[in-house]
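Side chains included, hydrogens not; waters and symmetry mates left out as well; all remaining heavy atoms used. If you read the sequence from its start, that first residue is 1, and numbering goes on from there. Each ligand, and each atom within it, is numbered from 1 in the order the structure gives.
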Amino acid sequence: MTRPPFDPPTERDIAIVSAQLGRPARGVVGIAARCVCGAPTVVATAPRLDDGTPFPTTYYLSHPVATAAMSTLEADGVMAEFTELLADDAALRDAYAAAHDSYLADRAQLGHVDEIDGISAGGMPTRVKCLHALAAHALATGPGVNPIGDRALDRGSWSPQVCECADYGIDEVAE
Ligand SMILES: [Zn+2]
């Protein structure tokens with residue numbers, strides 16, 4: 001898996017991510033996970049954007065089909081279900097807290113930003129607030145680091161092993 005430090009994104013990566021997001025990609029320092037076809041699925045983002053904004057979601061899910069799959073789970077009440085799992089399982093709570101620490105350790109390699117010091121993403125270390133952020137972390141690290149992100153990916157209808165990428169219309173952009 002690609003963890004910090006990241007190789008700089010290529011021009012093609014940035015073009016695909018911008019097409020995925022429907023706006024110019026900002027603060028992308030690397031591609032943390034990819035579809036089997038090579039398209040980015042998770043971007044690693046600088047902890048402070050060029051305009052000075054602190055950005056806590058270091059691992060950002062960019063792939064629209066993946067994003068839609070996580071939105072569906074959220075709409076189906078899966079966050080409440082995972083919150084109950086955490087309440088009932090001390091080992092799971094410990095693993096989730098460790099995922100928070102791992103997230104912050106990865107970000108620390110990208111820079112220190114006072115405003116988000118100690119703040120990770122997705123509700124970690126104790127809450128489940130955004131499956132997109134947790135799934136992005138799980139994709140970036142591989143299985144076994146973020147237990148809630150792993151569960152979200154297992155439950156979702158999208159898989160990084162099956163390409164559902166759109167034609168981003170960027171064939172003219174060099175590899
Ligand atoms: Zn693909």
Per-pair distances, 0.1 Å, donor-acceptor, side chain in residues 84-92, under 3.5 Å, sequence neighbours excluded:
residue, atom, partner, partner atom, Å
D89, OD1, A91, N, 3.0
D89, OD1, L92, N, 3.0

Discussion item. Enumerate the side-chain hydrogen bond (donor to acceptor under 3.5 Å, both in side chains) contacts for residues 63-72, please, sequence neighbours excluded, ordered by first and then second residue.
Written reply: S71-H132
Discussion item. Is there a side-chain contact between F6 and L110 in this structure, where contact means two heavy atoms from C-beta onward sitting under 4.5 Å apart?
Written reply: yes
Scan the side chains in residues 154-163 for donor-acceptor partners under 3.5 Å anywhere in the protein, sequence neighbours excluded, and list what turns up.
residue, atom, partner, partner atom, Å
R155, NH1, E81, OE2, 2.7
R155, NH2, E81, OE1, 3.3
S159, OG, Q161, N, 2.9

Discussion item. Quick one, H112 and D117 - any side-chain contact, counting heavy atoms below 4.5 Å?
Written reply: yes
Fill in: the Zn ion (ligand 1) neighbourhood, protein N/O/S only, threshold under 2.8 Å
C35 SG, C37 SG, C163 SG, C165 SG
Worksheet item: Do you know which of N146, T141, T45, D106 makes side chain to side chain donor-acceptor pair (under 3.5 Å) with Y59?
Response: D106
